[in-house]
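Just so you know, these numbers come straight off a predicted model, no measurement behind them. Below, each value reflects all heavy atoms present in this structure, side chains not excepted, and no hydrogens, waters or symmetry copies. Order of appearance sets the numbers: ligands from 1, and atoms from 1 within every ligand.
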Amino acid sequence: MRAVILIGGMGTRLRPFTVETPKPLLPVMNRPFLEYQFQVLSRHGVREVVLCTSYRAGTFRRAFGTGRRLGLKISYVRESIPLGTGGALKNAQSLLNGTTLVLNGDVLNAFNLGAFLKFHRARRAEISIALTRVKDPTLYGLVITDEKGMVRRFLEKPSWDEVVSNSINAGAYLFEPSVFTHLPQGKPYSLERGLFPERLAAGARIAGYVAPGYWIDIGSVEMYLQVHLDLLQGRTPFRPGPRARPFKNADGARVTAGAGTKAAPFVRFSGSVSLGSKVRIGRGAQLTDCVVLDGASIGDGARLERCIVGPKARVGTHAVLGPGTALAGGSLVGDYSQL
Ligand code: GDD
Ligand code: MG
């Protein structure tokens, strides 16, 4: 079976980090985010992957090449202007055959492909949508199913008065080849706002598979921080990979770091902290539940809590970075600043 991954979005909610690096390539514990989802594909025997790129398209080929290093065969399609999730998928049609797995590229989902396929076939569905449960469905695509697991309604980004369940589209689909005839060629089209409601209205069989297990969409700064905390606290079945090692000066906290990272004496870590490579942490700094990306430096006595420091940023001595701070790569925070 082949998989298509949609990775052309601009990641606007994850700025400043996505100005240089597209969302699926953002580092998560010293490896590009998408490599975690590749682990799931490999585990289920999916070797051929088509990446639908648009925003910063060239960066993906540079990161993954032919995919050989990852045990995959990766092909690329590129939209010169973004065509939305449906337009992007249509572009990949000539590279696909048979039942196809389609994934959003900013989601980490440890689903069981065998069980998903079995469910899809048992319902003779044209499309099956993996579902997960969340606290705030207004940020996602709400999916309402009947007692047999068939989708009755699809509502992208509902308002609170439309929320009648907490099951949302997890961003993983199985598509029969016949679906492609309903996707327009070369013009913007959305799976979520176009294809799903239109096929439902036409009476097509769309099934909703409740996928148990870990799920996150890293589309916002808060969620990008959260995926690190979840990995560090062992709440996921994913392994961070060899470039993130447990950090020696870690006290009771869970801290990992890449190569060449150094902390001065009296640094205090608490909670879960992910440090990139070549990070410098000054004497007596305090870091709680945060992410510091490659080459950043944190001054003596600085205090960081629930924040993300971009690559090569410099945080001055005794500066305080509070919850939600998203410091752009290369920025300078003066001594004693409070953000
Ligand atoms: N190639 C290409 N072209 N890819 C795109 C385009 C495009 O024009 N637009 C979006 N994508 C990719 C993004 O890169 C991302 O991986 C995926 O499609 C989904 O886009 P997001 O922008 O992240 O959408 P969302 O998070 O608001 O909502 C989607 O995901 C939710 C689950 O995380 C929807 O599918 C919701 O229904 C779903 O619940
Ligand atoms: Mg998303």
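When only interatomic distances are considered, the shortest N/O to N/O separation between L6 and ligand 1 falls below 3.5 Å. Residue G84 has at least one nitrogen or oxygen atom sitting less than 3.5 Å from a nitrogen or oxygen atom of ligand 1, judged on distance alone. Between V107 and ligand 1, no pair of N/O atoms sits closer than 3.5 Å. For the pair A170 and ligand 1, the shortest N or O to N or O distance does not fall below 3.5 Å. For a threshold of 3.5 Å applied to N or O pairs, the pair formed by I168 and ligand 1 contains no separation below that value. Looking at G105 next to ligand 1, an N or O pair under 3.5 Å apart turns up.
Within 4.0 Å of atom 4 (N) of ligand 1, at least one protein heavy atom is present.
Residue contacts with ligand 1, taken as heavy atom pairs separated by less than 4.0 Å, involve D106 via backbone and side-chain atoms alike. The part of W215 lying near ligand 1 is the side chain, judged by heavy-atom distances below 4.0 Å.
Closest to atom 1 (N) of ligand 1 among all protein heavy atoms lies E79 OE2, 2.6 Å. At the top of the distance list for atom 25 (P) of ligand 1, counting protein heavy atoms only, stands K157 NZ, 3.7 Å. Of all protein heavy atoms, the one lying nearest to atom 35 (O) of ligand 1 is E192 OE2, 2.6 Å. Looking only at heavy atoms of the protein, atom 39 (O) of ligand 1 is closest to N169 O, 2.6 Å. Looking only at heavy atoms of the protein, atom 13 (C) of ligand 1 is closest to G9 N, 3.5 Å. Distance from atom 37 (O) of ligand 1 to its nearest protein heavy atom, with residue and atom name: E156 OE1, 2.7 Å. Summary of contacts: the protein heavy atom closest to atom 26 (O) of ligand 1 is D217 OD2, 2.9 Å.
Between Y214 and F238, the ring planes are perpendicular. Angles over 60° get that label, and only those under 30° would be called parallel. Between F17 and Y224, the angle of the ring planes lies from 30° to 60°, which puts this pair in the tilted group. Between F38 and F64, the angle of the ring planes goes over 60°, which puts this pair in the perpendicular group of the 30/60° scheme.
Rounded to the nearest 0.5 angstrom, R235 CZ and L229 CG are separated by 7.0 Å. From R15, atom CZ reaches atom OG of S220 across 14.5 Å, with rounding to the nearest 0.5 Å. Interatomic distance, CG of N109 versus CG of D217, reported as 10.5 Å (0.5 Å rounding).
Residue contacts with ligand 1: Y173 is included, with a non-hydrogen atom under 4.0 Å away.
Side chain of N166 to main chain of R133: no donor-acceptor pair is present (N/O by atom type, distance under 3.5 Å, no hydrogens or angles).
Side-chain polar atoms of S190 and E192 form a donor-acceptor pair below 3.5 angstrom.
A salt bridge links R69 with E35: the distance from a Lys NZ or Arg NE/NH1/NH2 to an Asp or Glu carboxylate oxygen falls below 4.0 Å.
Nearest approach of H120 to S128, heavy atoms of both residues: ND1-OG, 2.7 Å.
Annotation: cation-pi geometry satisfied between R123 and F119 (NZ/CZ under 6.0 angstrom from ring centroid, within 45° of ring axis).
Listed by chain and number, the protein N, O or S atoms at a distance under 2.8 Å from the Mg ion (ligand 2) are D106 OD2, D217 OD2.
In this comparison of L89, N104, T132, the heavy atom closest to atom 19 (C) of ligand 1 sits on N104.
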